[in-house]
Amino acid sequence: MITANKSYLNVAVRAVVSGVCMLLAFSAAAQSERLPVKHHHVAADTIAGRPDSVEIVLGDVDLRGIIAAPDSALVQKSPYDRWEEREVAFNPDPTRAVWMAALFPGLGQLYNRRYWKLPIVVGAYMGLAYATTWNNGMLTDYTKAYRDIMDSDPGTNSYMNFFPPNTQESDLDRTWLTNVLQSRKNYFRRNRDLCIIAMVGVYLVAMVDAYVDASLSHFDITPELSMDVSPALFQEARGMKPSIGLVWALNF
C-alpha cells in the first residue's frame, strides 16, 4: 500500500514539474513577442494633435470604426491608396480616319497623330494643283493660237503673241507653225491630264495611308518577331534523289 502511494506521488510530482516547465516556456515566448520594435518616425509624426478616433482604410473598403487612439498611435495611409491619373493609350478608329482623309487631304494623318506626314501630303497636293493650273493655262493659249491659224480670218492672229513684236507674219512658215502649235497643244493637254490623275492618286493614297496607319497603330513590332531561314533536303515523290531547298519559319 505504501509502495503504491509512493508511485502515485512520483507521477503527480512529475506532472507538476512538466506543467511548470511548459508554463515557463510559453511565458518566455510571449515575452519575446512583446519586445519593443524600433520604428522610424518623421518630424511630422506627432501626438500633440491626435484625434479621439482613427479612420481605418483598407484598400477600397472604408471601415469607419471608432477606436480609441492611445498616446503612441501613429496612423498612416498606404502609398498604394494614393490616386494617380492613368495615361490612356490613343486608339484611332480606321473608319473615322478614312472619312477625315476624304474630307480634306492630310486630315486623316492629323487624326492618327502622324504629324510628319502632313507636309508631304499637303505639299504634294498643292504642287500638283499648281502644275495643273499652269499646264491648263498654257493649253488654253496654244489651243486659241491653233484655232486662229486654222481659220481664214486674218484678224485673228493670237499665235503672233508667241513671237517678238518686230516679227512679221509674212516671214513665218504657216505649215511649220501649224504643226508646232498642234504639238504644243497636245503636249500641255497631256501634262494637265497627268497632273489631274496624280492629284486623284495622292487623294486616294492619303485615304489608304490613314486607314492602314490607324489599323496598325497597335501592331506588335517587338524584337520577338523574327524569321529563321535554313537549308533543307526534300524527297521528291517522282524520283529517288532528294532536292535541295530552303525552309523558313516566322516566329511571333
J.: Please determine whether the number of non-hydrogen atoms from other residues, nucleotides or ligands lying under 6.0 Å from atom CZ of Phe104 exceeds 12.
T.: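 No, because the 6.0 Å sphere around CZ of Phe104 holds 12 heavy atoms or fewer from other groups.
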J.: List for me each residue that meets salt bridge (Lys or Arg N to Asp or Glu O under 4.0 Å) alongside Lys185, sequence neighbours excluded, and say none if there are none.
T.: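 By the salt bridge (Lys or Arg N to Asp or Glu O under 4.0 Å) rule, Lys185 matches no residue at all.
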J.: Looking at Leu139, is its backbone amide N or carbonyl O close enough to the side chain of Arg189 to form a donor-acceptor pair, meaning the two atoms are under 3.5 Å apart?
T.: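 Pair absent, no side-chain N/O of Arg189 close to backbone of Leu139.
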J.: Applying side chain to side chain contact (heavy atoms under 4.5 Å, CB included) between Arg190 and each of Asp193, Asn186, Leu194, report the one that passes.
T.: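 Testing each of Asp193, Asn186, Leu194 against Arg190, the sole residue satisfying side chain to side chain contact (heavy atoms under 4.5 Å, CB included) is Leu194.
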J.: Can you tell me if Gln182 uses its side chain to pair, donor with acceptor, with the backbone of Tyr146 under 3.5 Å?
T.: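 Between the backbone of Tyr146 and the side chain of Gln182 there is no qualifying donor-acceptor contact (under 3.5 Å).
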J.: Verify the cluster assignment for Ile196 and Val122: are they in a single hydrophobic cluster under the rule of side-chain heavy atoms below 4.5 Å apart?
T.: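 No, it is not one cluster - the side chains of Ile196 and Val122 are not joined through contacts under 4.5 Å.
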J.: Considering residues at least two apart in sequence or located in another chain, which fulfil the ring-ring contact (aromatic ring centres under 6.0 Å, His included) criterion with Phe188?
T.: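 Counting only residues at least two positions away or on another chain, Phe188 forms a ring-ring contact (aromatic ring centres under 6.0 Å, His included) with Trp134, Tyr142.
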J.: Assess whether atom OH of Tyr130 is packed by more than 12 heavy atoms of other residues, nucleotides or ligands within 6.0 Å.
T.: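 No, OH of Tyr130 has 12 or fewer neighbouring heavy atoms, counting only those of other groups under 6.0 Å.
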J.: Whether the side chain of Ser183 engages the backbone of Val180 through a donor-acceptor N/O pair (distance < 3.5 Å, no angle test) should be reported.
T.: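 Not at all, since once roles are kept as given, no pair shorter than 3.5 Å links the two residues.
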J.: Is a donor on one side and an acceptor on the other found under 3.5 Å between the side chain of Tyr203 and the backbone of Ala102?
T.: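 Yes, the answer is positive, given that a donor and an acceptor are paired below the 3.5 Å cut-off.
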J.: Tell me whether Leu118 shares a hydrophobic cluster with Val205, the cluster being built from Ile, Leu, Val, Met, Phe, Trp, Tyr side chains joined at under 4.5 Å.
T.: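 Unlinked, Leu118 and Val205 end up in two clusters.
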J.: If you count every heavy atom of other residues, nucleotides or ligands that lies below 6.0 Å from Tyr111 atom OH, does the total exceed 12?
T.: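 Atom OH in Tyr111 is crowded, with more than 12 foreign heavy atoms closer than 6.0 Å.
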J.: Looking at Asp213 and Lys117, is there a salt bridge between them, counting it only when a charged N and a carboxylate O are closer than 4.0 Å?
T.: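 Yes.
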J.: Could you report the tightest heavy-atom contact between Leu107 and Leu103, atom names first, then the distance?
T.: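 Scanning both residues, the minimum pair turns out to be CD2-CD2, 3.9 Å.
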